[in-house]
Amino acid sequence: MVFLWRVLPRGFRFSSWLRRQDCVRGSIVTSRGHYSTQTEPHIPGMEYQDAVCTLNTLQTNASALEQVRQERGHPQLQLQAMIGFLTRAGLTVEELDHLNIIHVTGTKGKGSTCAFTEQILRSYGFRTGFYSSPHLVQVRERIRINGQPIGKDLFTKYFWQVYGRLEETKDAHGGTMPAYFRFLTILAFHVFLQEKVDLAVIEVGIGGAYDCTNIIRAPWVCGISSLGIDHTQILGDTIELIAWQKGGIFKTGVPAFTVRQPETAMAVLSDRAQEIKCPLRVCPELEDYQLECGSLHLGLAGQHQHSNASLALQLTYTWLQRRCFPDKDFTSTSVGFFGVTPAAAFKPSPIMVKGLADTEWPGRNQSLKHGAVTYFLDGAHTRRSMLACVNWFRETATQHERNASGPVCRVLLFNATGERDSAAMLKLLVPCHFDFAVFCPNITEAIASCNADQQNFNVSVENMLTRCLDNERSWRLHNSPEDCEDPQFLIKASLPLVTEKKTDTLVFPCILSALQWITQGRDSVLAHTDVLPVKPSVMAKAAPLREATEIHILITGSLHLVGGVLKHLDLNSSK
C-alpha cells in the first residue's frame, strides 16, 4: 500500500474506504484482503441489484471453484457439467437448435465480428439475440435483444426463473451451482428462447473446444477471427495449441469461415476441419468485395476491423442463404470438400453496407469528446490488440491535435489483469509520447453504494493494487532505465508531442480518483462526483493539465477498466 501515500493525504483511512466498496446490503465483506461470498438466500421478486449481487456469489462459489480445478485436468468434463446445469435449469440441448445460431470465436476481434454480424441481420428486420462478454458497465449488456441490453425488469425476471430452478436442484447434485459465466450462458439461452428471437449470435468466452457455449450442437454457421496468444494457462502457450482449441467449435457439415491466420495456425485449423468434416473457407480482403462505387465504410474505427467486417459479411451471407432458401443444401458431404478453401467475394447488398456503417461496439476504438477533454477508449489486452490500439490512437489523436488551438497534454490511463504481459503492452505504448502515465485498479469509485455489476471477487484488492505498482515500475523502466525521481515536463504545441524529460507516473486507488485528477475539473460530466482527497504535492503535478488547451486520454489495457470509465462518462449506461 506504499503508493497510496503518493496520492492520498495524511489521515485518510483507506481501510474504511475499502469497506465502502462492498454492497450496502451487507452480503459481501472483506477479510484479510479477500471477499467472502456468504449470502442470505434471495427470493424471486427482488430488485435488479439483488439479482446481480446474487449472481456475483457465483464468481467465487467454493464448490464451483473446486469443480473447475478438478475439470482442468479433464477439459471434456466441462461440457458434460454444462449440459447437466442446462438440464437442471429446465432447458435441453435440442431446444438450442431452434435458435439458428451463429457461433464465433477468436483471440482478437470476435466481439467486433459479432457486432457487425448482429447489426447487419437486424438491419434486414430479423429479431436478433446477441450474447457476448465481458460487459462494460452493467452485466445485462451481455444479453441483447435487437442490439439493446435486456431491461432490468426482464433481466430480473429471467434471472430468478433460472436461478430458482438451479437452487432447487442443487442438493440432489452435491450442492453445486454453475460458475458465473456458465450461469450467464444458460440465462442467455433461456432469454433468447423465451423472447423468440429469429437468430442468436453467440460469442465464445475462452477458447472454443471446451468453452461452455460449445454445447451448441447445430449452429447455422461458425466463424474464427484473428488468432493470437492469450489465456495461455487455459488454452496453451503456442499458436498451434490455441488454434486447436478455437477449431473445436467446428461442427460436421456446418460451414465455417476464418480470416487469414499465421501459417502454422491455419494448418491446425485445416486439420481440425478435415477431422470434424467441416467445410472451412478463408475470407477475402475487405477491399475485394464488389461495390458500385467507393469503398465500404465501417462504424468501428481501425484498420484491424477490416478483417472482422469481411468475416461478418461471410457469416451473414451464409446465414441468409439458409434462411431464404431452406430447401437448398449449402454444405457438402464430399470428402474432398473438407479442409480450407478461399471464400468468394460478392457484392454486398445495400442493407449489408448500411449495417457495417451503423455498427457500434462501445469500448473498442471509441472516442468521446467532453469539452476540452477527449477520451480514447480501447480495451486492448494482448500484444497484437495493443499494437492495433497504438496505431489507431496515434492517427486519431494526431488528427484531433491538428485542430487544437494550443498545447495538448497526452495522458495514459492503464490497467491490465490476469496473466497478461503488462510490460510488453506498455512497451508498445511508449512511442505515443505521453506526458503522464496513470495507473489504477478496476475499482470504479470510493463511495458507499452497491455497484454490483462491476464487482470482481476472484482477485483481492491487494493483488489489484500490487499489479498497478508493477505496471508503474514497468513503465518507468521502459522510459527511463535510471528511474529519475519526479521528472518535470514541458507541454509543447508542436505535433506530435515530445517530452523534454521522462513521463511522470502516478497510481490512484480507483478509476474515479484517477479521472478526477487527470481532468482537473474540466469535464462537466465528472463535476457532480465527490472528490477523493489528494496530497497537495500530487495536485501540484497537475499544473500542465490545467494549462493545456486540451487533454487527450488513452484508456486501455483492460475492458473492465474501459467499462469503469464509461460508467462515469456515460451516465445513461448506468440507468
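Everything numeric here is computed off the predicted structure, so don't read it as measured data. Heads up: numbering here begins at 1 and tracks the sequence.
Every residue was checked against the ring pair (Phe, Tyr, Trp, His ring centres under 6.0 Å) condition with F189, not counting sequence neighbours, and none meets it. Considering only residues two or more places apart in sequence or on other chains, T417 meets the side chain to side chain donor-acceptor pair (under 3.5 Å) condition with none of them. For the ring pair (Phe, Tyr, Trp, His ring centres under 6.0 Å) test, no residue two or more places apart in sequence or in another chain qualifies with H306. With sequence neighbours left out, the side-chain contact (heavy atoms from CB on, under 4.5 Å) criterion links P134 to R142, L559, H560. Partners of T359 by side chain to side chain donor-acceptor pair (under 3.5 Å), not counting sequence neighbours: none found.
Note: Y124 and F126 have tilted aromatic rings, judged against thresholds of 30 and 60 degrees for the angle between ring planes.
Counting heavy atoms of neighbouring residues, nucleotides and ligands inside a 6.0 Å radius, atom CZ of F181 exceeds 12 of them. No more than 12 heavy atoms of other residues, nucleotides or ligands lie within 6.0 Å of CD in E360, so this atom counts as exposed by the packing criterion. Within a 6.0 Å sphere centred on CZ of R383, other residues, nucleotides and ligands contribute 12 heavy atoms or fewer.
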Candidate pair L300 and N308, rule side-chain contact (heavy atoms from CB on, under 4.5 Å), full reasoning: CA-CA 10 Å; L300 305 184; N308 300 329; over 6 Å; no
Full working for side-chain contact (heavy atoms from CB on, under 4.5 Å) between L569 and D523: CA-CA 9 Å; L569 302 184; D523 184 347; 3.8 Å; yes
Stepwise side-chain hydrogen bond (donor to acceptor under 3.5 Å, both in side chains) check, Q261 with T258: CA-CA 8 Å; Q261 306 287 3; T258 181; 3.0 Å; yes
Criterion ring-ring contact (aromatic ring centres under 6.0 Å, His included) on F159 and Y48, from CA distance to verdict: CA-CA 9 Å; F159 173 87; Y48 171 74; 9.3 Å; no
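The minimum heavy-atom distance linking V538 with W517 is given by the pair O-NE1, 3.0 Å. Here the closest non-hydrogen pair linking A514 and L413 is CB-CD1, 4.0 Å. What you find for R546 and R522 is that their closest heavy atoms are O-NH1, 3.6 Å.
With no hydrogens or angles considered, no side-chain donor-acceptor pair links Y375 and S367 at under 3.5 Å. Judged purely by distance below 3.5 Å, without hydrogens or angles, the side chains of S558 and N442 pair a donor atom with an acceptor atom. Side-chain atoms of R140 and Q138 include a donor-acceptor pair closer than 3.5 Å. For the residue pair T57 and T54, no side-chain donor N or O sits within less than 3.5 Å of a side-chain acceptor on the partner. With 3.5 Å as the limit, one finds a donor-acceptor pair spanning the side chains of Y131 and T185.
The main-chain N or O of W475 is found under 3.5 Å from a side-chain atom of N479 such that the two form a donor-acceptor pair. A donor-acceptor pair is defined here as one N or O able to donate and one able to accept, closer than 3.5 Å; no such pair exists between the side chain of D570 and the backbone of K567. N100 places a side-chain N or O within 3.5 Å of a backbone atom of D198 that can act as its donor or acceptor partner. Side-chain atoms of H135 never come within 3.5 Å of backbone atoms of I143 as a donor-acceptor pair (strictly under, hydrogens ignored). For S310 (side chain) and P284 (main-chain N/O), a donor-acceptor pair under 3.5 Å exists by modelled atom type. Looking only at distances, a side-chain donor or acceptor of Q366 sits under 3.5 Å from a matching main-chain atom of G363. Although no hydrogens or angles enter the test, the distance criterion places a donor-acceptor pair under 3.5 Å between the side chain of T107 and the main chain of G228. When atom types are taken as modelled, the side chain of R402 and the backbone of H400 share no donor-acceptor pair closer than 3.5 angstrom.
Under a 4.0 Å N-O distance rule, the pair E401/R410 qualifies as a salt bridge. A salt bridge does not link D470 to R467: none of the charged nitrogens lies less than 4.0 Å from a carboxylate oxygen. Comment: R260 engages E285 in a salt bridge, judged by a side-chain N to carboxylate O separation of less than 4.0 angstrom.
You'll find the side chain of N415 stays beyond 4.5 Å of the side chain of T556, heavy atoms only. Using a 4.5 Å heavy-atom cutoff, the side chains of R127 and E195 are in contact.
The OG atom of S112 sits 7.5 Å away from the CG atom of N365 when rounded to the nearest 0.5 Å. N146 contributes atom CG, which lies 11.5 Å from atom CG of L121 (distance to the nearest 0.5 angstrom). Here R394 contributes atom CZ and C432 contributes atom SG; the two are 6.0 Å apart, rounded to the nearest 0.5 Å. Taken from NE2 in H103 to CG in L315, the straight-line distance is 12.0 Å, to the nearest 0.5 Å. Between the CG atom in N403 and the OG1 atom in T398 there is a gap of 11.0 Å [rounded to 0.5 Å]. The structure places SG of C440 at 5.0 Å from CD1 of I511, a figure rounded to the nearest 0.5 Å.
Among residues at least two apart or in separate chains, salt bridge (charged side-chain N to carboxylate O under 4.0 Å, His left out) pairs with a member in residues 100-113 are K110-E203.
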